[in-house]
A.B. asks: 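If you scroll down you'll find the structure; I have some questions about it.
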Amino acid sequence: METTGRWTRGAVLLALWALAMVLVFRVQIFSGFALGFGDRADGIIEISILEHWRNVLTGHGVWNQPLYFHPHGGTLGYNDGYLLYGLIYSFWRIWFDPFLSDTLNIATFRTIGFFAAYALVARTLRWEWTVAAMVALLFTISNNLVVQGGHVQVASIALLPLVALLVIEAARAELAGHRSKARLLGAGCAALLAAWLLTAYYMAWFTLFFALLLVLCWLWAQGRAAPRTAWDLIRAHIGTLAICGAVFVVLTLPFLSVYLPKARETGGHGYVLSYTVTLFDPVNTGPGNLAWGWISRIVHGLFSPEFVRRFLAGEHQSGFPLLLFALTMLAAHRVLRRPGQTQAMRIFAIALLVGWVLTLRFWIVSPWILVHWLVPGASGLRVVLRYQLFLVLPVLLLVAGVYRAQFAAWLRSAPHLAGLAALLLVVEQINLNPPVKLDRTTNLTALESLPAPPPGCTSFYVVTARQNEPQQFDAKIAALYPHNVDAMYLAQRWRVPTINGFSTFNPPGWNFADSFAADYDARVAAYAQAYRIAGLCRLDARDAYPWRRIDTQKR
């Protein structure tokens with residue numbers, strides 16, 4: 001009977017995983033994988049960095065030096081590092097092209113997130129397997145994670161349940177006296193966090209920030225006894241804490257060696273008030289949400305297109321569907337106001353709410369400014385709104401922890417109510433307009449057909465890598481992205497460095513916007529002379545022979 005039960009659970013879990021994959025990747029699947037997350041700009045930048053890691057793994061690259069922004073060093077530090085993405089992507093590249101491999105990489109992370117969330121709830125927290133399955137499904141298909149899926153960094157949130165699992169299991173092992181097991185699990189968690197920082201900084205930093213909030217809330221809950229209690233706890237477990245901390249510090253050194261110099265060079269991000277959370281953003285699902293998109297459409301209709309673009313669209317569409325949001329607020333109220341809740345649940349709920357409130361914007365003021373200036377690493381963030389993406393799993397855990405007994409009771413006595421509740425929670429997560437705009441066939445046809453640089457070309461720059469391309473951006477974006485991101489991709493493909501490139505921050509001397517301007521070649525020549533670049537070649541796909549050697553000697 002027990003074996004039959006396990007087989008049934010396994011079958012249900014696999015069916016829910018398949019459902020999650022179809023819901024998240026349905027556009028890709030129904031297009032024959034001709035489309036992928038992202039767009040013509042950021043999507044190709046990401047694939048270029050993934051190709052960099054493939055070159056590193058095959059012995060054709062230096063780990064911190066992608067082949068763009070030549071001849072500057074440490075150029076990985078101008079963007080997210082994508083380390084873990086690059087490892088999985090390189091596996092898929094054994095069989096598939098870059099654009100399909102990119103989609104499969106994201107699908108792999110979604111799969112990791114699904115099964116890690118299930119393991120966290122069912123095995124580590126030891127809650128009902130049906131509740132664990134629902135958490136895993138909702139975590140994977142979450143509306144805001146799909147809407148913001150064009151920013152592929154957010155897919156790394158799949159690592160959060162794995163980090164939580166390792167922390168909890170390590171703590172249990174330590175308290176049970178199994179020190180070796182605790183240290184192994186803790187060191188594994190430290191290694192994962194260090195790799196996550198070098199993969200997608202936002203989500204890794206938010207994880208550490210939430211851990212800090214949990215610690216502070218725990219100290220607050222101890223009252224006057226907090227200093228003594230904390231010291232006794234540290235002293236009792238100093239060995240394990242020291243080992244895990246040392247592993248984290250050592251393995252974070254590569255991340256610091258890449259990003260600290262660039263932070264000093266660029267000054268990092270200033271405090272950007274417009275990217276904090278407005279009072280509508282916690283429920284801003286975007287107009288494409290199946291259940292609640294009509295609210296966004298009505299709100300959009302009340303304001304000018306410019307206001308919508310600045311305060312309601314884009315990154316602001318990171319909120320929660322109304323039913324889940326309401327359950328979250330009710331669950332937090334029950335935990336904080338009603339007796340019978342464990343201290344751990346109270347601390348968790350307080351940390352969740354405090355962190356969320358810190359991101360809010362009240363007219364021209366946001367408490368996040370305190371975080372920006374006081375918490376290490378916060379100045380590396382620009383889009384504070386993405387904290388709502390991080391909150392998906394904490395929100396689901398809070399709701400599940402409070403209502404799991406009710407759900408289990410419905411399953412026993414009123415399965416139709418349990419089924420209806422589950423269906424509503426799933427349906428309200430579906431978004432009809434996912435950001436799947438990266439055309440695999442068009443990009444492969446354009447970029448893979450270009451001839452490689454001729455002998456003697458030890459670096460290159462791009463005027464245009466495409467003969468005829470329809471306008472996809474406004475004039476400002478079109479002047480910055482197309483030729484620069486194509487150059488990044490081609491540099492990794494040919495393993496020849498390019499002076500082009502584009503990122504949030506660009507290196508000193510970068511002046512390669514508007515490649516069709518009359519002075520573009522003159523700007524390139526001045527740059528090449530300033531940096532003494534020899535062997536520079538020019539690529540213009542419109543010419544019958546697209547390559548031309550450039551004389552960079554001063555006259």
Side-chain angles (χ1 to χ4, degrees), residues 117 120-121 125-128 130-132 134-135 137-139 142-144 160-161 164 206 209-223 276-285 289 291-292 295 318-362 366-368 371 384-385 387-411 414 417-418 420-429:
L120 170 65
V121 177
L125 297 179
R126 299 164 187 168
W127 295 351
E128 297 82 358
T130 50
V131 172
M134 277 300 300
V135 169
L137 176 61
L138 295 173
F139 177 58
S142 179
N143 175 85
N144 54 4
L160 179 58
F206 285 146
F209 176 65
F210 189 71
L212 173 63
L213 290 178
L214 286 172
V215 171
L216 293 177
C217 290
W218 176 81
L219 288 171
W220 172 81
Q222 304 308 308
T276 50
V277 179
T278 69
L279 296 182
F280 177 62
D281 287 338
V283 293
N284 186 355
T285 61
N289 182 265
W292 307 111
I295 297 177
S318 59
F320 293 82
L322 278 179
L323 179 56
L324 181 58
F325 181 79
L327 289 173
T328 304
M329 295 300 104
L330 290 171
H333 180 269
R334 178 176 292 187
V335 168
L336 298 178
R337 304 288 293 184
R338 296 187 181 183
Q341 300 295 331
T342 65
Q343 185 186 51
M345 185 64 81
R346 287 177 180 271
I347 290 170
F348 184 80
I350 293 170
L352 190 158
L353 294 175
V354 168
W356 208 340
V357 169
L358 286 172
T359 67
L360 291 177
R361 175 184 180 181
F362 305 94
S366 171
W368 190 263
V371 178
V384 180
L385 282 152
Y387 190 67
Q388 295 197 130
L389 308 180
F390 165 83
L391 285 178
V392 171
L393 184 62
V395 158
L396 290 172
L397 292 177
L398 177 62
V399 171
V402 171
Y403 293 108
R404 63 191 184 92
Q406 180 64 64
F407 186 70
W410 280 354
L411 279 174
L417 287 179
L420 179 61
L423 180 63
L424 291 174
L425 287 170
V426 169
V427 168
E428 71 165 1
Q429 296 291 350

A.B. asks: I need the full list of salt bridge (charged side-chain N to carboxylate O under 4.0 Å, His left out) pairs touching residues 318-327, with sequence neighbours left out, sorted by first then second residue.
C.D. replies: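 Salt bridge (charged side-chain N to carboxylate O under 4.0 Å, His left out) check on residues 318-327 returns no pairs.
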A.B. asks: In Å and rounded to the nearest 0.5 Å, what is the CG to CZ distance from Leu213 to Phe206?
C.D. replies: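 One gets 11.5 Å once the value is rounded to the nearest 0.5 Å.
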A.B. asks: With the side chain counted from C-beta on, respond yes when Val121 and Met134 share a heavy-atom pair under 4.5 Å apart, and no when they do not.
C.D. replies: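 No, side chains not in contact.
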A.B. asks: Can you name the nearest heavy-atom pair linking Asn144 to Ser318, along with the distance?
C.D. replies: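 Smallest heavy-atom distance, with atoms named: ND2-O, 3.0 Å.
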A.B. asks: For residues 387-401, pull every pair meeting salt bridge (charged side-chain N to carboxylate O under 4.0 Å, His left out), keeping only residues two or more places apart or in separate chains.
C.D. replies: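 Found none.
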A.B. asks: Out of Ile347, Leu352, Val354, which one pairs with Ile350 under the side chain to side chain contact (heavy atoms under 4.5 Å, CB included) rule?
C.D. replies: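 When Ile347, Leu352, Val354 are each tested with Ile350, the side chain to side chain contact (heavy atoms under 4.5 Å, CB included) holds only for Val354.
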A.B. asks: My understanding is that only residues two or more places apart in sequence, or in another chain, count here; which of them pass ring-ring contact (aromatic ring centres under 6.0 Å, His included) with Phe209?
C.D. replies: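 By the ring-ring contact (aromatic ring centres under 6.0 Å, His included) rule, Phe209 matches Trp205, Trp368, Tyr387.
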A.B. asks: Check whether any side-chain heavy atom of Phe320 sits under 4.5 Å from a side-chain heavy atom of Thr328, and report yes or no.
C.D. replies: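 A side-chain contact is absent here, since even the closest heavy-atom pair is not under 4.5 Å.
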A.B. asks: To the nearest 0.5 Å, how far apart are CG in Leu120 and CG in Leu396?
C.D. replies: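 Answer rounded to 0.5 Å: 11.0 Å.
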A.B. asks: How far does CD of Gln222 sit from SG of Cys217, to the nearest 0.5 angstrom?
C.D. replies: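 If I round to the nearest 0.5 Å, the distance is 11.5 Å.
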A.B. asks: Are any non-hydrogen side-chain atoms of Phe362 and Leu360 less than 4.5 angstrom apart?
C.D. replies: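 They are in contact (side-chain heavy atoms under 4.5 Å apart), so the answer is yes.
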A.B. asks: Closer than 3.5 angstrom, by distance alone: can the side chain of Ser142 be matched with the main-chain N or O of Phe139 as a donor-acceptor pair?
C.D. replies: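 No, because the side chain of Ser142 does not come within donor-acceptor range (under 3.5 Å) of the backbone of Phe139.
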A.B. asks: Is there a side-chain contact between Pro394 and Leu160 (heavy atoms, below 4.5 Å)?
C.D. replies: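 A side-chain contact under 4.5 Å exists here.
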A.B. asks: Look up atom CZ in Phe390 and atom CG in Leu393, then write down how far apart they are to the nearest 0.5 Å.
C.D. replies: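 It is 8.0 Å, given to the nearest 0.5 Å.
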A.B. asks: Please report the interatomic distance CG(Asn284) to CG(Asn289), rounded to the nearest 0.5 Å.
C.D. replies: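 Between atom CG of Asn284 and atom CG of Asn289 there are 10.0 Å.
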A.B. asks: May I ask you to decide if Val335's main-chain N or O and Arg346's side chain share a donor-acceptor pair within less than 3.5 Å?
C.D. replies: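 Yes, the answer is positive, given that a donor and an acceptor are paired below the 3.5 Å cut-off.
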A.B. asks: Using the ring-ring contact (aromatic ring centres under 6.0 Å, His included) criterion, which residues pair with Phe348? Sequence neighbours excluded.
C.D. replies: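 Only Phe210 meet the ring-ring contact (aromatic ring centres under 6.0 Å, His included) criterion with Phe348.
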A.B. asks: Supply the atom-to-atom distance Leu324 CG to Thr285 OG1, rounded to the nearest 0.5 angstrom.
C.D. replies: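 So the gap between those two atoms works out to 12.0 Å.
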A.B. asks: If we only count heavy atoms from C-beta on, is the Trp292 to Val283 side-chain gap below 4.5 Å?
C.D. replies: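 Side chain of Trp292 against side chain of Val283, heavy atoms only: no contact under 4.5 Å found.
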A.B. asks: Looking at every non-hydrogen atom in both residues, tell me the closest pair between Trp356 and Pro282 and how far apart they are.
C.D. replies: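 Smallest interatomic distance, heavy atoms only, reads CZ2-CB, 3.9 Å.
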A.B. asks: Any idea which heavy atoms bring Gly401 and Trp127 closest together, and the distance?
C.D. replies: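 Looking at all heavy atoms of both residues, the closest pair is CA-CH2, 3.4 Å.
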A.B. asks: Is there a side-chain contact between Leu385 and Thr276, using heavy atoms and a 4.5 Å cut-off?
C.D. replies: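 They are not in side-chain contact.
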A.B. asks: Strictly distance-based, threshold 3.5 Å: is any side-chain N or O of Gln429 a donor or acceptor partner for the main-chain N or O of Asn143?
C.D. replies: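 Pair found, side chain donor or acceptor close to backbone of Asn143.
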A.B. asks: Quick one: are Ser366 and Thr359 in side-chain contact, heavy atoms under 4.5 Å?
C.D. replies: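 A side-chain contact is absent here, since even the closest heavy-atom pair is not under 4.5 Å.
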A.B. asks: Kindly indicate whether the side chain of Leu336, heavy atoms from C-beta on, has any atom under 4.5 Å from the side chain of Leu353.
C.D. replies: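 Yes; the side chains approach each other to less than 4.5 Å.
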A.B. asks: Using salt bridge (charged side-chain N to carboxylate O under 4.0 Å, His left out) as the criterion, list what pairs up with Arg404, not counting sequence neighbours.
C.D. replies: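 Here the qualifying residues are Glu128.
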A.B. asks: Could you pull out all residues at least two apart from Val215 that satisfy side chain to side chain contact (heavy atoms under 4.5 Å, CB included)?
C.D. replies: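 Applying side chain to side chain contact (heavy atoms under 4.5 Å, CB included) to Val215 gives Leu219.
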A.B. asks: Given side chain to side chain contact (heavy atoms under 4.5 Å, CB included), test Ile295 with Phe280 step by step and report yes or no.
C.D. replies: CA-CA 11 Å; Ile295 297 177; Phe280 177 62; 4.2 Å; yes
A.B. asks: Could you please spell out the steps behind the side chain to side chain contact (heavy atoms under 4.5 Å, CB included) verdict for Leu397 and Leu125?
C.D. replies: CA-CA 10 Å; Leu397 292 177; Leu125 297 179; 4.1 Å; yes
A.B. asks: Looking only at side chains, do Trp218 and Gln343 share a donor and an acceptor under 3.5 Å apart?
C.D. replies: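 No, because no side-chain N or O of Trp218 sits under 3.5 Å from a partner of the opposite role on Gln343.
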